[in-house]
Amino acid sequence: MSTSPHWWSVGSQRVPHQRRGGSDEPVMAGVVPSWTPGGAAAGERHPARTGRVRRPARPALLELVFDHIHSEWAMEIIRGVERVLAAEQAALVLSELDGDHKPRQDWFDDLLDRRPLGVIPVVVELDERQRRRLTAADIPFVFVDTAQELPPGVPAVGSANRSGGLSATRHLVELGHRRIAVISGPTRLPCSRARVEGFRSALAAAGLSAPPDHVRHGDFRAASGYRHGLELLDRPDRPTAIFAGSDYQALGVLRAAHELGLSVPRDLSVVGYDDLSIHEWSGPPLTTVRQPLRDMAAAAAEMVLAFARGRRPPHPRVELATELVVRQSTAPPRS
């Protein structure tokens with residue numbers, strides 16, 4: 001069976017499916033297990049199998065839900081899921097919520113009607129009622145990079161964001177920087193807060209602290225890094241280093257520095273986050289924190305498929321390690 005995706009449109013969604021036997025029809029599943037609520041914590045029920053019930057066939061589709069999809073970050077998540085589905089005779093449905101982190105009710109009702117094998121919300125919120133309805137409909141779900149604080153037992157995959165922020169900032173401190181700023185994502189996102197927590201912890205361990213205006217929050221996009229970069233760097237007491245919460249934000253900072261006549265890394269050190277391939281086009285090559293996006297997505301897909309087959313993964317919460325990758329955008333500060 002060919003594993004290259006073919007795209008077709010359903011409303012605002014783009015749906016890749018895989019051909020079988022020369023047909024354009026998606027692969028179909030023959031037996032669908034029944035789901036009933038499992039372990040509970042603080043009123044939350046976790047999906048788990050209690051038996052097998054034969055039901056009418058439904059498409060072997062796994063639904064991947066983004067707030068927005070037009071970025072290399074999202075493509076890394078898609079590739080990770082496709083890596084798992086390629087051997088599973090299952091296809092991938094992509095849903096985009098037009099920048100919203102909370103799905104509209106009409107979209108959620110359509111999701112229930114589609115009855116996918118499972119759902120992976122990526123930086124997308126599902127409230128308790130929606131989670132319960134998915135469980136009642138026999139649709140398992142696993143979050144990736146959660147957009148909300150989830151009760152214990154709700155399955156989710158993420159990375160060590162606090163550790164990533166810690167290693168990025170510690171690297172700058174060890175180079176000799178003392179005026180270090182951070183530009184992260186929205187404060188409502190746990191990953192964004194964790195990266196700033198790591199930033200603060202590294203400074204505190206070195207006997208340092210950041211002034212309040214050196215801690216900035218944006219939306220992880222390049223324009224956010226550019227805007228905050230201009231504000232931070234166009235001043236006499238500018239920071240000598242900036243830790244950006246995403247590679248896109250770091251690109252925005254690099255542009256701001258260039259427009260202000262600052263040389264990186266001679267006048268300013270910059271660290272990004274994610275290690276996307278866009279670092280190859282930054283000038284200079286970007287020091288960043290590698291987040292294992294494909295592995296995160298693959299782990300979530302494997303968990304969803306395990307639930308769909310009646311197997312309960314041993315650990316409902318998975319946190320993968322991050323790694324600092326030092327390139328040429330960081331150096332000791334000028335004397």
Side-chain angles (χ1 to χ4, degrees), residues 5-17 61-85 90-114 116-127 130-131 134 139-150 154-159 161 184-186 188-192 218-224 245-249 273-278 291-305 318 320:
H6 301 269
W7 298 92
W8 49 289
S9 298
V10 177
S12 62
Q13 302 163 35
R14 294 189 301 167
V15 183
H17 67 282
L61 302 175
L62 190 151
E63 187 133 352
L64 190 56
V65 188
F66 294 91
D67 63 328
H68 66 90
I69 203 170
H70 301 291
S71 69
E72 186 187 346
W73 190 96
M75 291 305 301
E76 287 295 293
I77 297 293
I78 293 169
R79 293 183 184 112
V81 173
E82 286 181 331
R83 187 174 76 194
V84 173
L85 296 187
L92 180 60
V93 176
L94 301 181
S95 286
E96 183 180 40
L97 303 181
D98 297 325
D100 294 330
H101 290 276
K102 297 181 180 180
R104 301 186 309 271
Q105 188 59 46
D106 58 347
W107 175 89
F108 188 79
D109 292 340
D110 288 343
L111 171 68
L112 294 176
D113 290 341
R114 286 192 295 276
L117 289 181
V119 180
I120 301 178
V122 183
V123 199
V124 167
E125 297 183 28
L126 296 177
D127 60 32
Q130 290 170 329
R131 297 193 297 268
L134 286 175
I139 301 174
F141 53 88
V142 177
F143 290 87
V144 170
D145 231 357
T146 62
Q148 64 198 115
E149 297 294 343
L150 294 170
V154 176
V157 178
S159 68
N161 288 289
S184 192
R188 58 183 173 73
L189 294 183
C191 65
S192 174
D219 60 8
F220 285 136
R221 301 184 187 183
S224 170
S246 75
D247 287 348
Y248 283 104
Q249 284 183 321
Y273 202 101
D274 288 328
D275 196 30
L276 303 175
S277 65
I278 56 175
Q291 183 173 210
L293 296 172
R294 293 193 192 190
D295 292 341
M296 290 160 55
E302 289 169 352
M303 289 173 68
V304 165
L305 293 175
V318 176
L320 301 183

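Every heavy atom of this structure was used, including side-chain atoms; hydrogens, water molecules and symmetry mates were not.
- Of the candidates Glu125, Arg188, His101, Gln148 forms a side-chain contact (heavy atoms from CB on, under 4.5 Å) with just one, namely Glu125.
- Note that the CG atom of Asp274 and the CZ atom of Phe220 stand 8.0 Å from one another [nearest 0.5 Å].
- Nearest heavy atom pair, residue Asp219 against residue Pro186, reads CA-CD, 4.0 Å.
- With respect to Arg83 and Asp295, a salt bridge is recorded, a charged nitrogen being found less than 4.0 Å from a carboxylate O.
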Item to check | Derivation and outcome, side chain to side chain contact (heavy atoms under 4.5 Å, CB included), residues Ile139 and Phe141 | outcome: CA-CA 7 Å; Ile139 301 174; Phe141 53 88; 6.0 Å; no

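- Taking 4.0 Å as the cut-off between side-chain N and carboxylate O, Arg79 and Glu76 count as a salt-bridged pair.
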Item to check | Step-by-step side chain to side chain contact (heavy atoms under 4.5 Å, CB included) determination, Ser95 to Arg114 | outcome: CA-CA 12 Å; Ser95 286; Arg114 286 192 295 276; 4.0 Å; yes

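- In this structure, CZ in Arg294 is found 11.0 Å from CD1 in Ile78, a value given to the nearest 0.5 Å.
- Considering every non-hydrogen atom in both Met296 and Ser159, the closest pair reads SD-CB, 3.9 Å.
- No donor-acceptor pair under 3.5 Å is formed between the side chain of Glu63 and the backbone N or O of Pro116.
- Between Leu134 and Leu112 the shortest side-chain heavy-atom distance falls below 4.5 Å.
- Asp127 contributes a side-chain N or O that, together with a main-chain N or O of Gln130, makes up a donor-acceptor pair within less than 3.5 Å.
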Item to check | Residue pair Gln291, Asp247: steps toward the side chain to side chain contact (heavy atoms under 4.5 Å, CB included) verdict | outcome: CA-CA 11 Å; Gln291 183 173 210; Asp247 287 348; over 6 Å; no

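- We find the CG-CE distance between Leu305 and Met303 to be 11.5 Å, quoted to the nearest 0.5 Å.
- When atom types are taken as modelled, the side chain of Asp67 and the backbone of Val124 share no donor-acceptor pair closer than 3.5 angstrom.
- Minimum interatomic distance between Cys191 and Asp145 (heavy atoms only, all atoms of both residues): CB-OD1, 3.7 Å.
- Of all the heavy atoms in Pro190 and Thr146, the pair that sits closest is CD-O, 3.3 Å.
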Next on the checklist: With side chain to side chain contact (heavy atoms under 4.5 Å, CB included) as the criterion, how do Val122 and Trp73 come out once you've worked through the C-alpha distance, each side chain's angles and the decisive distance to 0.1 Å?
Outcome noted: CA-CA 11 Å; Val122 183; Trp73 190 96; 3.6 Å; yes

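- Atom-to-atom distance recorded for Leu293:CG and Leu320:CG is 10.0 Å, nearest 0.5 angstrom.
- Here CG of Leu64 is found 5.5 Å from CD1 of Ile120. Values are rounded to the nearest 0.5 Å.
- Between the side chain of Ser184 and the backbone N or O of Ser192, at least one donor-acceptor pair lies under 3.5 Å.
- Remark: Tyr273 OH to Gln249 CD distance equals 12.5 Å, nearest 0.5 Å.
- Residues Val304 and Gly118 come closest through the heavy atom pair CG1-CA, 3.6 Å.
- Here the shortest heavy-atom pairing between Ala156 and Leu150 reads CB-CD1, 4.2 Å.
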